[in-house]
Visitor: 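First, the structure itself, so that you have it in front of you.
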Amino acid sequence: MYFKLLGTLRVQRDGERVDLGGLRQQRLLVMLLLNAGKVVGADRLLEAMWDGEPPVTARRQLHNAVAALRRSLGTAKHIVVKDGPGYRVTVDAQDVDAHRFTGMVAAASAAAAAGRTAAAAEHLEAALSLWDGPALSGLNSPVFEIVAARFEENRLTATERLIGLRLDGGEAAAVVPQLGELVSGHPLREETRKLLMLALHRCGRTADALNAYEQYRRLLRDELGVDPGASLRELYERILRDDLPEPPAEPATVATAGNRSFLPYDTAHFTGRAAELRFLAGNRSAGTALSILAIDGMAGVGKTTLAVRLAHQLAQGFPEGHLFLDLHGHTAGQEPLEPAAALERLLLDFGLTPGQIPRDATQRAARWRAEVAERRVLVVLDNALDARQVRPLLPGTGKAQVIVTSRRRLAGLDGVTSRSLDVFPAADAAELFTRIAGPERTAHRPDAVAEVVARCGNLPLAVGIAAWRFHNRQAWSLDDLVFRLRDPAKRLAELRLGDRSVASQFEVSYRKLTAGQRRLFRILGATAHPGEEFDAGTAALLVNQQAPEAERVLEELFDAHLLRQRTAGQYHFHDLVQEHARAKAEEPDLEDALLKTFGRATLPEVTKLECSFG
């Protein structure tokens, strides 16, 4: 779904407009979208829904409006969720044009700071193309009028920055008409007046430039009783002296629609993975074959971090676009993106407007391939559920480069070069912890650092969370942290920071399993010792199955990176994954069935039991 706030409010699903119902439902949705991903308290929602004092029945009406909004959104009703004292929407920021606008303006700033003025101009053009009228039109509420005014200020600033870039590129004559309209609509805006004077002067219309200043000076004197600012006065004097630098002789090259970069930032704490980077960068397909590099591994092992680092290293070879799309294959609270929705997002990022995108998924895939054909673009498809989700999103040309990450092995993709990530070696895990926690608090205790990362199972996510918690708690010593991590029953609860936690990541993987996979996962978690290996024969006994069927389930858990292997036919848990499996086995609705069958038996003892759990 696509949500438009920069103009008249509307929601589009597969190209069709969604009827949102009455004004209160619209205001409710907008307030949630403005705070996408955050919980909005009931009081703030009530203030937005009613201009004056809410009626005594307001809270009941809020519940009714939420229910009606969910009905309007149809199959996407999970977008609006109850969360503690309020509600939140689980939409991706890229699905809301206002958030897309902010991201594109930020990308323009980064490009300009790096000297990539053509790319900066293209980002700003794309951002401004999202507007089709005054923001939040039709809501008629003081609450939203304040927000709309802020949006309008951001739009004007972005417009001025774009015009400034075009002026620097030698397009003075082309921007004069637009600047004239802007000055007419915003006569007191000094930056716009400054750009108009500069453009007129560069067109050889110096008298008009000086007259524009004089008009502005009189307007300020009559309206506000003040003089123009120092910057504008300086420009006026330099035009009088004719000592402004000459503009470029030729206009700067304008970036094409595909010339965009949406890559996330490359973290300064990146650690290790040199061998993986060499392998992936050195095994790209050549010729006409599409190059697909796949990175898979267990939750929290650093797949996205590695993919982003690899993408930044390869980006220079793909100057016509760098796209990044989270497919939400394993995202808490969100359903995986269907290929049609993913294609819509890619086409929007590539510069198409919603009206240019076909409704049919097959046609969208064809349009996507046509847009990418013969272009050197880099596409990162992060957090894929499986090969089925990825296959329709693949370009059809060998000039593109695709990087895919997933918690599952993607052997179903033809021609893919894949690398499975393991947890860090102990030295890399200790280095990551030290980088985040700070060497001044860790250098004197390498033994304690080693124990911390070992308790974290050398899992990058766990190590990072432990390091940030230690970094943010100056009163803690390393011994305090070690003590907190020593109890296996409490370890996962300690590995939580804000909205990030190891347990929640494991839970997402668990919920993607079938009933049979979950059952074996829980039973093994309840019976195996940490690090203990087991085979298909033991698993078959546990679930009362034939060995081939049990082996199939074990292999599926292995492909989902919930089990590991040192030797063929032998499986074991990562310590933290097993703690999660044991916790699932002890949930109230499962505890009796499992523990009455196995008690606290170890795997060797289980083989002596007559298994009746099926």
Side-chain angles (χ1 to χ4, degrees), residues 6 94 99-131 153-183 189-205 209 231-232 234-235 238-239 243-266 308 311-324 348-353 371 375-378:
L6 304 180
Q94 291 298 304
H99 296 307
R100 286 172 65 86
F101 174 82
T102 301
M104 289 175 177
V105 170
S109 298
R116 296 165 43 237
T117 55
E122 201 280 332
H123 282 304
L124 289 170
E125 287 176 349
L128 292 167
S129 72
L130 297 172
W131 290 72
E153 174 63 26
N154 293 340
R155 184 185 71 83
L156 287 171
T157 300
T159 302
E160 290 167 345
R161 290 172 60 189
L162 176 59
I163 292 174
L165 291 172
R166 294 181 65 187
L167 271 174
D168 291 343
E171 298 184 60
V175 300
V176 166
Q178 182 183 9
L179 284 168
E181 293 179 4
L182 283 173
V183 165
R189 195 170 178 87
E190 185 164 303
E191 182 63 24
T192 305
R193 184 76 59 156
K194 181 179 177 180
L195 291 168
L196 176 61
M197 291 170 58
L198 185 59
L200 289 169
H201 175 65
R202 287 185 175 177
C203 289
R205 298 168 57 183
S231 177
L232 195 65
E234 180 186 1
L235 176 63
R238 294 188 69 180
I239 292 175
D243 69 346
L244 289 173
E246 289 293 321
E250 298 292 335
T253 301
V254 178
T256 62
N259 234 354
R260 300 181 176 180
S261 180
F262 292 91
L263 296 180
Y265 69 90
D266 188 11
V308 170
H312 280 283
Q313 289 187 354
L314 300 179
Q316 190 172 1
F318 299 91
E320 295 179 86
H322 314 133
L323 305 185
F324 183 94
L348 286 169
D349 286 347
F350 213 63
L352 274 67
T353 65
E371 291 291 332
R375 290 185 176 179
R376 291 174 295 167
V377 297
L378 175 67

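Just so you know, residue 1 is the first one in the sequence shown, and it goes up from there. Computed from a prediction, not measured in an experiment: that's the story for all the values here.
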Visitor: Return the minimal non-hydrogen interatomic distance between F262 and D349, and the atom names on each side.
Guide: CE1-O, 3.3 Å

Visitor: To the nearest 0.5 Å, what is the distance between CE (M197) and CZ (R193)?
Guide: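 Answer for the CE-CZ pair, M197 versus R193, is 9.0 Å.
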
Visitor: Do Q94 and F324 have side-chain heavy atoms sitting under 4.5 Å apart?
Guide: no

Visitor: Atom CD1 in I239, atom CG in L198: separation rounded to 0.5 Å?
Guide: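 Here the rounded value is 7.0 Å.
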
Visitor: Test side-chain contact (heavy atoms from CB on, under 4.5 Å) on R375 and F350; report intermediate values, then the result.
Guide: CA-CA 12 Å; R375 290 185 176 179; F350 213 63; 3.0 Å; yes

Visitor: In Å, rounded to the nearest 0.5 Å, how long is the span from CG of L182 to CG of L156?
Guide: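 CG of L156 is found 7.0 Å from CG of L182.
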
Visitor: For E234, enumerate each residue passing the side chain to side chain contact (heavy atoms under 4.5 Å, CB included) test, keeping only those at least two apart in sequence or located in another chain.
Guide: R238

Visitor: Carefully, step by step, assess L244 and R202 under the rule side-chain contact (heavy atoms from CB on, under 4.5 Å).
Guide: CA-CA 9 Å; L244 289 173; R202 287 185 175 177; over 6 Å; no

Visitor: Start with the C-alpha distance between V175 and L167, add both sets of side-chain angles, then the distance that settles side-chain contact (heavy atoms from CB on, under 4.5 Å), and finish with yes or no.
Guide: CA-CA 8 Å; V175 300; L167 271 174; 4.0 Å; yes

Visitor: Could you pull out the closest heavy-atom pair between L130 and F101, with the gap in Å?
Guide: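 Smallest heavy-atom distance, with atoms named: CD1-N, 3.6 Å.
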
Visitor: Below 4.5 Å, heavy atoms only, C-beta onward: do E191 and T157 meet side chain to side chain?
Guide: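 Not in contact.
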
Visitor: Considering all heavy atoms of both residues, which atom of A121 and which atom of L162 are nearest to each other, and what is their separation?
Guide: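 Shortest heavy-atom contact: O-CD1, 3.5 Å.
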
Visitor: Would you please name every residue forming a side-chain hydrogen bond (donor to acceptor under 3.5 Å, both in side chains) with Q178, sequence neighbours left out?
Guide: none

Visitor: Search all heavy atoms of A199 against all heavy atoms of L179 and return the closest pair with its distance.
Guide: CB-CD1, 3.8 Å

Visitor: E160: which residues meet the side-chain hydrogen bond (donor to acceptor under 3.5 Å, both in side chains) condition with it, sequence neighbours left out?
Guide: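 Once residues adjacent in sequence are excluded, the partners of E160 under the side-chain hydrogen bond (donor to acceptor under 3.5 Å, both in side chains) criterion are R189, T192.
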
Visitor: Going by the rule salt bridge (charged side-chain N to carboxylate O under 4.0 Å, His left out), which residues pair with R155 if we only count those two or more places apart in sequence or in a different chain?
Guide: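 Checked R155 against salt bridge (charged side-chain N to carboxylate O under 4.0 Å, His left out); matches are E152.
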
Visitor: The criterion is salt bridge (charged side-chain N to carboxylate O under 4.0 Å, His left out); which residues satisfy it with R116, sequence neighbours excluded?
Guide: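 Counting only residues at least two positions away or on another chain, R116 forms no salt bridge (charged side-chain N to carboxylate O under 4.0 Å, His left out).
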
Visitor: Holding to salt bridge (charged side-chain N to carboxylate O under 4.0 Å, His left out), I want the full list of residues that pass it with R166, two or more places apart in sequence or in another chain.
Guide: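 With sequence neighbours excluded, R166 shows a salt bridge (charged side-chain N to carboxylate O under 4.0 Å, His left out) to E171, given in chain and number order.
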
Visitor: Under the side chain to side chain contact (heavy atoms under 4.5 Å, CB included) test, which residues partner A112, sequence neighbours left out?
Guide: A120

Visitor: I'd like to check the side-chain hydrogen bond (donor to acceptor under 3.5 Å, both in side chains) partners of S109; sequence neighbours left out, ordered by chain and number.
Guide: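 Result, side-chain hydrogen bond (donor to acceptor under 3.5 Å, both in side chains) vs S109: R161.
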
Visitor: If you round to the nearest 0.5 Å, how far is CG of L196 from CD1 of I163?
Guide: 9.5 Å

Visitor: Run T117 and D168 through side-chain contact (heavy atoms from CB on, under 4.5 Å) and show every step you take.
Guide: CA-CA 9 Å; T117 55; D168 291 343; over 6 Å; no

Visitor: CG of L378 to NE2 of H322: how many Å apart, nearest 0.5 Å?
Guide: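 Rounded to the nearest 0.5 Å, the CG-NE2 separation comes out at 6.0 Å.
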
Visitor: State which residues pass side-chain hydrogen bond (donor to acceptor under 3.5 Å, both in side chains) with R376; sequence neighbours excluded, sorted by chain then number.
Guide: none

Visitor: Which atoms form the tightest heavy-atom contact between L195 and G164, and what is the distance?
Guide: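 That closest heavy-atom pairing would be CD2-CA, 4.1 Å.
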
Visitor: Are the side chains of N154 and V105 in contact, using a 4.5 Å heavy-atom criterion?
Guide: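 Not touching, per the 4.5 Å side-chain cut-off.
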
Visitor: Output all residues satisfying side chain to side chain contact (heavy atoms under 4.5 Å, CB included) with H312, sequence neighbours left out; order by chain, then residue number.
Guide: L263, D266, V308

Visitor: How close do P177 and A174 get, counting heavy atoms only, and between which atoms?
Guide: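 Minimum heavy-atom contact is CD-O, 3.6 Å.
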
